[in-house]
Amino acid sequence: MAEINKKLNWNGNLIGICHFLVFLRGMNKRIRHIHRTYVILVIVSFFLLFYPFYYFAASSPRWYRLLNKLRMLNSLCCSFFCGIYFRMTYEDTLEHDQTYIYCANHSSNLDIMIFCLLAKGNFHFMGKEELLKNPVLKLFFNTIDIPVNRNHRISAYRAFKKAAHNLEKGRSLIIFPEGGIEGEDYPPRLVPFKNGPFRLAIDKKVSVVPVTMCDVWKKMWDDGNRYGSSPGICDIYIHKPISTTEMTPEDTEFLKERVFNLINSKFVTE
């Protein structure tokens, strides 16, 4: 009888532990969603605070450098108040007066904030056309940045033609060659890159900077709607720039594969 009671007590304790773990998991999920709501409030609040200055700086290309400095300052403020910090490891020094094409994996809305802090000198983004509907980002994608519909050949052609013109003027390009946050996999994985940015880099003889967002997805995957967000430190690895001076259009596939492998080599998937 004592042996039976012992087993019942053990089973009861085990069930209790399981219920407690489920409770903790549920609490963690709720806390992450509360933090995500807080992050949105912080981002919107600072955007409204900066908006008059953004509106002025976006009114003419001659003020675009100022616009990028404002974006950097805004990103610093949001990072501090959200409690999400970025630890950047550089394989080589990036020059402020050098024009680059930055290529990175994309698994979080935090990636835009990160590049506002990471990119050197004068820069602009290329992103999906849907961002024109984003209340925070549409001001930039109507002015300094370039929207693109990758499923529409003419739209893609015009977008890359504009990007080529901006590169000629010394304005670095930030692009996510996966074409956006793709797939439903969690943890995320890299999907095949598009050719566009690599052909552009070769045509304009601009160095490519591969950037790995190592574990940013752990703090916020996509927009955080499904899994919420959490404070902490994100690791970003900036690889050595790849020169395209000696490359020809036939090297596009080689360059794309090389950048993919470099980014994937530092990507944390667990």
Side-chain angles (χ1 to χ4, degrees), residues 24-58 67-88 102 104-119 123-148 174-176 178-188 211 213-236 268:
L24 285 181
R25 185 176 178 182
M27 281 297 294
N28 182 56
K29 187 175 181 180
R30 281 190 284 273
I31 291 170
R32 286 182 65 94
H33 279 283
I34 290 169
H35 184 265
R36 187 241 181 186
T37 301
Y38 170 70
V39 167
I40 292 172
L41 288 173
V42 168
I43 290 172
V44 171
S45 297
F46 274 106
F47 175 75
L48 293 175
L49 182 65
F50 276 79
Y51 185 81
F53 307 101
Y54 280 148
Y55 188 80
F56 167 76
L67 183 58
N68 281 334
K69 288 180 180 179
L70 290 169
R71 293 206 275 191
M72 181 187 71
L73 181 58
N74 191 351
S75 296
L76 276 173
C77 293
C78 288
S79 170
F80 178 78
F81 282 95
C82 291
I84 301 176
Y85 307 106
F86 310 114
R87 181 166 49 205
M88 299 183 188
Y102 297 89
N105 57 305
H106 192 26
S107 58
S108 172
N109 282 7
L110 296 173
D111 296 342
I112 296 173
M113 186 189 303
I114 291 166
F115 265 110
C116 288
L117 298 170
L118 184 159
F123 62 88
H124 67 303
F125 290 86
M126 182 183 288
K128 57 186 180 181
E129 199 173 52
E130 289 87 340
L131 293 173
L132 287 169
K133 299 175 183 177
N134 184 295
V136 172
L137 298 177
K138 69 178 181 180
L139 172 67
F140 307 117
F141 278 92
N142 276 317
T143 54
I144 186 173
D145 298 330
I146 303 174
V148 59
I174 298 166
I175 190 167
F176 302 105
E178 291 172 284
I181 300 176
E182 302 292 339
E184 292 295 319
D185 292 336
Y186 187 86
V211 178
M213 305 295 183
C214 304
D215 56 1
V216 180
W217 61 271
K218 291 184 177 182
K219 299 297 176 280
M220 177 188 282
W221 179 65
D222 200 350
D223 61 359
N225 184 53
R226 184 176 298 182
Y227 298 107
S229 63
S230 65
I233 298 174
C234 302
D235 280 300
I236 296 94
V268 176

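Side-chain atoms are counted along with the backbone in the values below, which use heavy atoms only and exclude waters and symmetry mates.
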### Summary
CZ (F50) and OG (S75) are apart, to the nearest 0.5 Å, by 9.0 Å
### Message
Parallel, tilted or perpendicular, judged at 30° and 60°: which one describes the rings of Y51 and F47?
### Response
perpendicular
### Message
Using 0.5 Å steps for rounding, measure from the SG atom of C82 to the CE atom of M220.
### Response
7.5 Å
#### Entry: Pair N68, R71: side-chain N/O donor-acceptor within cut-off below 3.5 Å
yes
### F125 and F140 aromatic centres sub-6.0 Å
no
### Task
Classify the angle between the aromatic ring planes of Y102 and F115 as parallel (below 30°), tilted (30 to 60°) or perpendicular (above 60°).
perpendicular
### Message
For the OG atom of S79 and the CD1 atom of I43, what is their distance to the nearest 0.5 Å?
### Response
10.5 Å
### Non-hydrogen atoms of A119 and I174 that approach each other most closely
CB-CD1, 3.8 Å
### Task
Without swapping roles, check the side chain of D215 against the backbone of D235 for a donor-acceptor pair under 3.5 Å.
yes
### Query
If we ignore angles and hydrogens, is there a donor and acceptor under 3.5 Å between the side chains of S229 and H35?
yes
### Query
Does OH belonging to Y55 count more than 12 external heavy atoms closer than 6.0 Å?
no
### Task
Flag yes if more than 12 heavy atoms outside Y186 fall under 6.0 Å of its OH atom; otherwise flag no.
yes
### Task
List the steps and the verdict of side chain to side chain contact (heavy atoms under 4.5 Å, CB included) for M213 and S108.
CA-CA 9 Å; M213 305 295 183; S108 172; over 6 Å; no
### Query
Checking side chain to side chain contact (heavy atoms under 4.5 Å, CB included) against V216, which of N109, I84, N105, L110 comes through?
L110
### Query
Given the side-chain rings of F81 and Y38, with only the six-membered ring counted for Trp, is the space between their centroids under 6.0 Å?
no
#### Entry: Nearest heavy atoms of C78 and M113, plus distance in Å
CB-CE, 3.9 Å
### Message
Between S230 (side chain only) and R32 (backbone N and O only), is there a donor and an acceptor less than 3.5 Å apart?
### Response
no
### Of L137, D145, N142, the residue whose pairing with L132 passes side chain to side chain contact (heavy atoms under 4.5 Å, CB included)
N142
#### Entry: Minimal non-hydrogen separation, P188 against S107, with atom names
CG-CB, 4.0 Å
### Query
Measuring from L117:CG to L73:CG, what's the distance to the nearest 0.5 Å?
10.0 Å
### Task
Could you tell me whether the side chain of H33 and the main chain of R226 form a donor-acceptor pair under 3.5 Å?
yes
### Task
Give a yes or no answer on whether the side chain of W217 reaches the backbone of V268 with a donor-acceptor pair at less than 3.5 Å.
yes
### Query
Do F86 and L118 come close enough that some side-chain heavy atom pair is under 4.5 Å?
no
### Query
Rounded to the nearest 0.5 Å, how far does NE2 of H124 lie from CD1 of I175?
9.0 Å
## Note on the structure
Nearest heavy-atom contact between H106 and D111 is ND1-OD2, 2.7 Å
### Query
Got a second to check how far I146's CD1 is from L131's CG, nearest 0.5 Å?
13.0 Å
### Query
Could you go step by step and tell me if N134 and F141 meet the side chain to side chain contact (heavy atoms under 4.5 Å, CB included) rule?
CA-CA 9 Å; N134 184 295; F141 278 92; over 6 Å; no
